[in-house]
Amino acid sequence: MAPAADREGYWGRTTSTLDWCEENYAVTWYMAEFWNTVSNLIMIIPPIFGAIQSVKDGLEKRYIASYLALTVVGMGSWCFHMTLKYEMQLLDELPMIYSCCIFVYCMFECFKVKNSVNYHLLFTLVLFSLIVTTVMYGMLVFTLVLRSIYIVTWVYPWLRGLGYTSLGIFLLGFLLWNIDNIFCVSLRNFRKKVPPVIGVSTQFHAWWHLLTGLGSYLHILFSVYTRTLYLRWRPKVKFLFGIWPMILFEPLRKHC
């Protein structure tokens, strides 16, 4: 965590229970943690386009909700790191729980008839969200996601690449997040001694945002691919500009 001697800026005194390792208001007076803020764009812009594409493709509403939930997480995290206010901290943390529950619901419903609703699972996930909201955050969501990936890849072994790539990227981000927390003082001292370009590369909480944003996005693609494959929509992974992955359906025909 960050030392308490950071300067104040546009948003005033820090009221959040967490203040990350990035120096406060070091880049601009309007953003408490500049790099931790702008790194959330990966969780805001791509999912918006994913949601729009899902509507055009006629995907079930839960996949649209998945993309939009990831966007809400990015927006909440943006507001939190920009202001370091307690109310914005809640806007950052709680949507993570809710979005994970949507992801889990999508994975467990991959092999059901189209437009079906599993009310028992919905009730369980809503109850879990309420408990976590009022009590604690747990590893249960991570365990459920890992288990759901295992179930799907057992049925379709060749999907392991996409599923475990998303999980691996997420875990790498989690590792950097811990390094940022544990070695904060050392990292700050290191940044004072090196050129700014090198110092920016050690903003590991920003890397956490980039990697978990990408990992979450890939997880949604994995879920969409698995679901539409089951529905015989013939999904294909394409790369926008040769870089950014997205799901398209070939050949172009009315989905059954």
Side-chain angles (χ1 to χ4, degrees), residues 18 36 39-40 42-48 50-51 54 59-81 88-112 117-153 159 162-178 205 207-227 247:
L18 297 173
N36 287 350
S39 58
N40 285 294
I42 196 172
M43 288 186 278
I44 298 174
I45 297 177
I48 289 176
S54 296
L59 292 177
E60 291 157 304
K61 290 182 177 60
R62 58 178 177 264
Y63 297 103
I64 302 171
S66 293
Y67 283 117
L68 294 180
L70 183 55
T71 298
V72 171
V73 170
M75 294 174 65
S77 184
W78 176 291
C79 294
F80 169 44
H81 289 287
M88 297 303 168
Q89 180 180 346
L90 296 179
L91 189 62
D92 169 49
E93 294 174 346
L94 295 179
M96 296 181 193
I97 303 299
Y98 308 146
S99 62
C100 283
C101 288
I102 296 174
F103 296 167
V104 169
Y105 182 85
C106 289
M107 291 301 301
F108 274 85
E109 292 299 295
C110 276
F111 305 112
K112 303 294 179 64
V117 179
N118 187 334
Y119 290 103
H120 292 94
L121 181 57
L122 272 178
F123 174 79
T124 301
L125 292 174
V126 169
L127 179 61
F128 171 76
S129 297
L130 292 175
I131 293 174
V132 170
T133 299
T134 55
V135 181
M136 61 178 294
Y137 310 122
M139 290 297 293
L140 180 58
V141 169
F142 176 80
T143 304
L144 287 173
V145 171
L146 183 61
R147 180 185 173 193
S148 64
I149 290 177
Y150 173 80
I151 293 172
V152 171
T153 55
L159 282 176
L162 184 58
Y164 285 109
T165 296
S166 67
L167 186 60
I169 291 174
F170 189 95
L171 290 176
L172 177 58
F174 183 68
L175 173 63
L176 295 178
W177 179 82
N178 280 281
H205 193 88
W207 281 108
W208 152 257
H209 289 163
L210 293 172
L211 293 171
T212 54
L214 176 59
S216 298
Y217 178 83
L218 290 177
H219 176 78
I220 297 174
L221 291 190
F222 171 74
S223 181
V224 170
Y225 193 100
T226 305
R227 176 60 172 165
I247 300 291

Taking the side chain from S77 and the backbone from V73, do they hold a donor-acceptor pair closer than 3.5 Å?
no

Verdict with reasoning, V224 to I220, per side-chain contact (heavy atoms from CB on, under 4.5 Å)
CA-CA 6 Å; V224 170; I220 297 174; 4.2 Å; yes

Answer whether the closest heavy-atom distance between the side chains of L91 and F80 falls below 4.5 Å.
no

List in chain and number order the residues that pass side chain to side chain contact (heavy atoms under 4.5 Å, CB included) with S39, two or more places apart in sequence or in another chain; answer none if no residue qualifies.
A206, H209, L210

Within a 6.0 Å radius of atom CZ on F174, are there more than 12 heavy atoms belonging to other residues, nucleotides or ligands?
no

If we ignore hydrogens and angles and just use 3.5 Å, is the side chain of S223 paired with the main-chain N or O of H219 as donor and acceptor?
no

Is there a side-chain contact (heavy atoms from CB on, under 4.5 Å) between W208 and N178? Walk through the geometry before answering.
CA-CA 9 Å; W208 152 257; N178 280 281; over 6 Å; no

Name all pairs fulfilling the salt bridge (charged side-chain N to carboxylate O under 4.0 Å, His left out) condition that reach into residues 100-110, sequence neighbours left out, sorted by first residue then second.
E109-K112

Correct closest heavy-atom pair for I102 and A65 would be CD1-O, 4.1 Å

V126 meets the side chain to side chain contact (heavy atoms under 4.5 Å, CB included) criterion, sequence neighbours left out, with L130

Got a sec, which residues hit side chain to side chain contact (heavy atoms under 4.5 Å, CB included) with L176, two or more places apart in sequence or on another chain?
I179, F204, W207, L211

Pairs satisfying side-chain hydrogen bond (donor to acceptor under 3.5 Å, both in side chains), at least one member in residues 62-73, at least two apart
E60-R62

Side chain to side chain contact (heavy atoms under 4.5 Å, CB included) partners for L214, two or more places apart
I42, I169, L218, W244

